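Labels below follow one simple rule: chain letters A, B, ... track the order of the sequence lines, proteins then strands, and each chain is numbered from 1. Only a predicted model underlies this, so the values are computations on that prediction, with no experimental measurement involved. In what follows, every heavy atom counts, from backbone to side chain, and hydrogens, waters and symmetry copies are set aside.
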There are 2 protein chains.
Amino acid sequence: MVHREAHARRPSIHDVANSAGVSAATVSKVLQGVATVKPENVQRVFDAVALLGYRIDPLASDLRRAKRRIIGAIVPEFESEFFGSMITQLERLAEQRGYALVAASSRESEAREKEILARMHDWRVSGVVLAPVRNEHGPAAGFMKKNGMTGVLIDRVLADDAFDTVSADSVSASAEVARELVERGHRHILVLGLGEQAATVRARLESFRERALQLAPDTRVDVILSESDVEPLRSSLRDYFAKGERPTAVYSLFLRGTLVALSEFRRRGWHCPNDISLVGFDDAEWMQVTWPAIAAVVQPVRQIAIQAMDVLFRRIEGGGGPPIARLEPCKVLMRESVGSPGNGPHSGGGKRQ
Amino acid sequence: MVHREAHARRPSIHDVANSAGVSAATVSKVLQGVATVKPENVQRVFDAVALLGYRIDPLASDLRRAKRRIIGAIVPEFESEFFGSMITQLERLAEQRGYALVAASSRESEAREKEILARMHDWRVSGVVLAPVRNEHGPAAGFMKKNGMTGVLIDRVLADDAFDTVSADSVSASAEVARELVERGHRHILVLGLGEQAATVRARLESFRERALQLAPDTRVDVILSESDVEPLRSSLRDYFAKGERPTAVYSLFLRGTLVALSEFRRRGWHCPNDISLVGFDDAEWMQVTWPAIAAVVQPVRQIAIQAMDVLFRRIEGGGGPPIARLEPCKVLMRESVGSPGNGPHSGGGKRQ
DNA sequence: ATGAAAGCGCTAACAC
DNA sequence: GTGTTAGCGCTTTCAT
């Protein structure tokens with residue numbers, strides 16, 4: 001019986017070669033599945049591998065091959081369901097192709113985003129899936145281009161002339177939300193957004209407004225945008241309500257906005273949908289179990305991940321052609337937080353509780 | 001002007017050496033901060049580095065040093081706020097010490113957990129932070145021990161004789177929840193749990209029951225445990241209520257249980273806290289903004305991460321001694337979902353709406 | 001069919 | 001102080 005001590009050096013390919021009575025080159029061939037090795041030796045190698053518990057060091061292997069089977073993924077935060085499941089999906093897809101996924105959080109900082117990208121470049125990753133903090137024109141994208149990295153931009157991006165992009169079709173979804181609200185009779189709607197993501201948020205907003213006005217020209221669409229943080233949004237919203245504004249519905253263009261809206265409703269004693277209706281962009285597990293359930297636009301996380309990895313690997317394998325811009329359709333789930341204005345027992349807006 | 005083409009090979013240490021007119025060894029020394037290099041050459045090296053945009057290949061560097069500055073982190077899922085911020089914290093702490101964090105999700109599978117661990121072993125990570133799917137006795141922990149990996153177990157663990165452990169003091173927290181509920185007059189309380197995590201869940205449960213009975217011996221504590229999945233819990237709970245059981249409070253030992261409880265309350269038209277009180281183990285952002293806000297035990301994520309990394313690096317640097325078992329205190333936040341039985345307008349339990 | 005030799009990018013010993 | 005040499009663990013010519 002051969003017993004390796006727990007802390008002994010891990011067996012290298014040479015240990016296997018010795019044990020099998022062949023050269024390291026032969027071991028390598030067997031392990032790569034090269035067919036030109038005598039069956040007997042193949043057997044001896046496998047036996048030695050099993051005996052020693054040998055496993056290839058993937059990093060050393062990659063070093064020699066001058067190609068690392070690593071995909072980098074960068075997201076603005078790990079804390080949200082959306083990016084959490086995005087990473088889960090990307091990990092799954094990378095592993096399916098024999099790559100490891102290395103994920104990192106930019107923590108909503110463009111500066112950090114670029115640093116992480118530089119680190120991934122240092123690691124010589126084969127490709128990167130980047131969910132930029134702001135949009136496709138940030139310093140990180142510039143870094144990628146300048147250094148000839150191959151990568152795909154997802155989520156907070158529009159079409160780009162330098163990179164493939166994949167994102168949720170939030171523009172169509174926003175139009176659909178507009179239709180749902182207007183059809184229910186809402187004519188005064190407040191839209192909440194975070195301005196930093198500029199183009200994407202603006203696109204959602206315009207799409208929403210356009211459809212609403214098209215269906216009912218007398219619709220009033222108010223907008224509160226906060227530049228970068230969510231707290232200013234909260235105070236703007238508070239001021240807005242304090243002025244006496246009483247929209248019958250709120251559409252929040254991002255998840256935290258939905259939370260802010262909910263908490264401000266609470267603060268004023270308003271209940272959905274009787275006092276006000278609410279729809280949020282981005283779904284979350286809890287939205288279906290609270291009372292009332294919150295209507296939401298569900299992003300196709302899985303589809304985005306699949307398409308992103310698909311195009312990424314095409315590029316990695318040398319596929320050429322102009323950048324692709326994919327848009328994956330969302331689902332709009334009208335839950336109980338949405339009703340018709342004037343139908344609730346509390347409409348007219350007196351405070352409650 | 002020297003312009004590198006975007007796709008040119010990245011400069012190696014030899015390119016820098018040539019450009020600076022010194023040897024690769026000298027470049028290495030300068031970059032490692034070895035003081036015994038002539039200032040003039042230091043300057044030449046830095047100039048060459050800047051000129052070529054050179055950066056060390058950390059993986060090649062680690063290969064030679066026979067020590068990879070990589071920490072592995074394994075969590076059961078990326079989708080939750082808890083593990084999401086855990087990873088964020090761990091990443092921050094690892095980077096602080098010049099290590100990269102490589103995170104992976106075991107997707108609640110012990111088999112996969114072990115595979116990931118094997119992969120991290122292949123990568124020769126310096127250490128691992130493992131949040132096991134089930135507990136400290138799983139195959140993954142066995143693998144770590146057998147292979148002499150250095151690691152710390154967190155979250156779903158009790159003290160262990162092979163590894164350092166860090167987790168939330170959910171036992172004390174559960175006793176505190178018991179006190180809060182009993183003091184408010186609750187004498188019939190239902191506890192919801194997931195049995196898979198065995199020891200930890202049992203410990204919370206026992207601690208809760210013990211304190212409740214100690215404070216009020218006539219307290220009735222019902223328990224619904226589901227073995228592994230959350231759906232069976234839902235049906236058990238549904239049956240339980242269908243039988244006519246009417247506890248005045250529910251304590252869920254895990255987040256999804258809280259969601260299940262909420263949705264079953266909704267199904268029956270019960271509202272918190274008037275019809276029933278609810279406390280959940282594990283806090284989430286949305287719990288403060290829904291109406292009513294949900295009472296929760298807040299886990300000290302940050303503290304757990306800090307302590308875990310602290311002890312992990314002590315081991316990595318060769319620190320000996322017996323395994324440490326750290327327990328970090330939780331906060332119990334009694335929000336509006338908790339009231340006193342019999343005080344609400346709807347007590348007595350008629351269905352509503 | 002196989003192994004010796006070279007080398008991926010880097011660092012550590014050890015001469016000088 | 002600095003360069004030469006050797007080698008981390010692996011793969012890949014290229015002779016044989």
Side-chain angles (χ1 to χ4, degrees), chain A residues 8-46 48-49 52-70 98 100 119-126, chain B residues 8-46 48-49 52-70 98 100 119-126:
Chain A
R9 199 183 99 279
R10 280 193 76 167
S12 80
I13 198 168
H14 290 108
D15 299 323
V16 177
N18 287 341
S19 167
V22 296
S23 75
T26 302
V27 175
S28 177
K29 279 171 191 143
V30 171
L31 267 27
Q32 306 307 317
V34 174
T36 65
V37 180
K38 192 158 49 170
E40 188 197 315
N41 280 337
V42 172
Q43 194 53 53
R44 297 171 65 82
V45 167
F46 280 138
V49 164
L52 300 177
Y54 171 76
R55 301 190 121 223
I56 292 178
D57 179 335
L59 265 23
S61 170
D62 281 359
L63 178 61
R64 176 56 232 245
R65 303 169 103 135
K67 187 202 194 221
R68 295 189 193 168
R69 282 157 299 185
I70 303 175
R119 199 171 66 213
M120 297 207 160
H121 191 217
D122 293 344
W123 276 44
R124 272 78 168 166
V125 297
S126 295
Chain B
R9 200 183 100 276
R10 279 193 76 167
S12 79
I13 197 168
H14 289 108
D15 298 323
V16 177
N18 287 341
S19 167
V22 296
S23 76
T26 301
V27 176
S28 179
K29 280 172 191 139
V30 171
L31 267 27
Q32 305 307 318
V34 175
T36 66
V37 179
K38 190 160 47 171
E40 186 197 316
N41 282 335
V42 172
Q43 194 52 51
R44 297 171 65 84
V45 167
F46 280 138
V49 164
L52 300 176
Y54 171 76
R55 300 191 120 223
I56 293 177
D57 178 336
L59 265 21
S61 169
D62 281 0
L63 179 61
R64 175 58 233 245
R65 306 169 100 134
K67 182 192 200 236
R68 297 194 189 167
R69 282 156 300 183
I70 303 176
R119 197 170 68 211
M120 296 206 162
H121 191 216
D122 293 344
W123 277 44
R124 271 79 168 166
V125 296
S126 294

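In terms of phosphate contacts, A/Ser61 brings a side-chain nitrogen or oxygen within less than 4.0 Å of OP1 or OP2 of D/dT11. The side chain of B/Ser12 places no N or O atom within less than 4.0 Å of a non-bridging phosphate oxygen (OP1 or OP2) of C/dG9.
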Verdict with supporting geometry, B/Arg65 and B/Arg69, side chain to side chain contact (heavy atoms under 4.5 Å, CB included): CA-CA 10 Å; B/Arg65 306 169 100 134; B/Arg69 282 156 300 183; 2.9 Å; yes
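Comment: A/Arg64 does not engage A/Asp57 in a salt bridge, judged by the lack of any side-chain N to carboxylate O separation of less than 4.0 angstrom. Salt bridge absent: A/Lys67 and A/Asp62 never bring a charged side-chain N and a carboxylate O closer than 4.0 Å. Electrostatic pairing of A/Asp15 and A/Arg10 does not count as a salt bridge here, judged by no charged N lying under 4.0 Å from a carboxylate O.
Taking atom CG of residue B/Leu63 and atom C1' of nucleotide D/dC10, one finds them 8 Å apart after rounding to whole Å. In this structure, B/Arg64 atom CZ and D/dA6 atom C1' are separated by 7 Å, rounded to whole Å. Computed from coordinates, the B/Arg55 CZ to C/dG9 P distance equals 17 Å when rounded to whole Å. We find that NE2 of B/His14 is positioned 11 Å from C1' of D/dT4, with the value rounded to whole Å. Atom CG of B/Asp62 and atom C1' of D/dG9 are 14 Å apart (whole Å). Taking atom CG of residue A/Asp122 and atom C1' of nucleotide C/dG9, one finds them 13 Å apart after rounding to whole Å. The CG-C1' distance, from B/Asn41 to D/dT2, rounds to 8 Å in whole Å. Remark: P of D/dT2 and CD of B/Gln43 are 13 Å apart, rounded to the nearest angstrom.
Backbone-only engagement by B/Ile56 is indicated by non-hydrogen atom pairs under 4.0 Å involving sugar-phosphate atoms exclusively.
Atoms CD1 and OG, on A/Ile56 and A/Ser12 in that order, are 12.0 Å from each other to the nearest 0.5 Å. Here CZ of B/Arg55 is found 11.0 Å from CG of B/Leu31. Values are rounded to the nearest 0.5 Å.
Minimum atom distance to the side chain of A/Val22 is reached by C/dG3, of the listed D/dT11, C/dG9, C/dG3. Relative to the side chain of A/Ile13, the nucleotides C/dA12, D/dT11, D/dT2 differ in distance, and D/dT11 lies closest.
Inter-residue side-chain proximity for A/Leu59 and A/Arg68 is flagged as unmet; no heavy-atom pair is nearer than 4.5 Å.
The stretch residues 24-35 of chain B touches DNA chain D through B/Ala25, B/Thr26, B/Lys29, each having a heavy atom under 4.0 angstrom from the strand.
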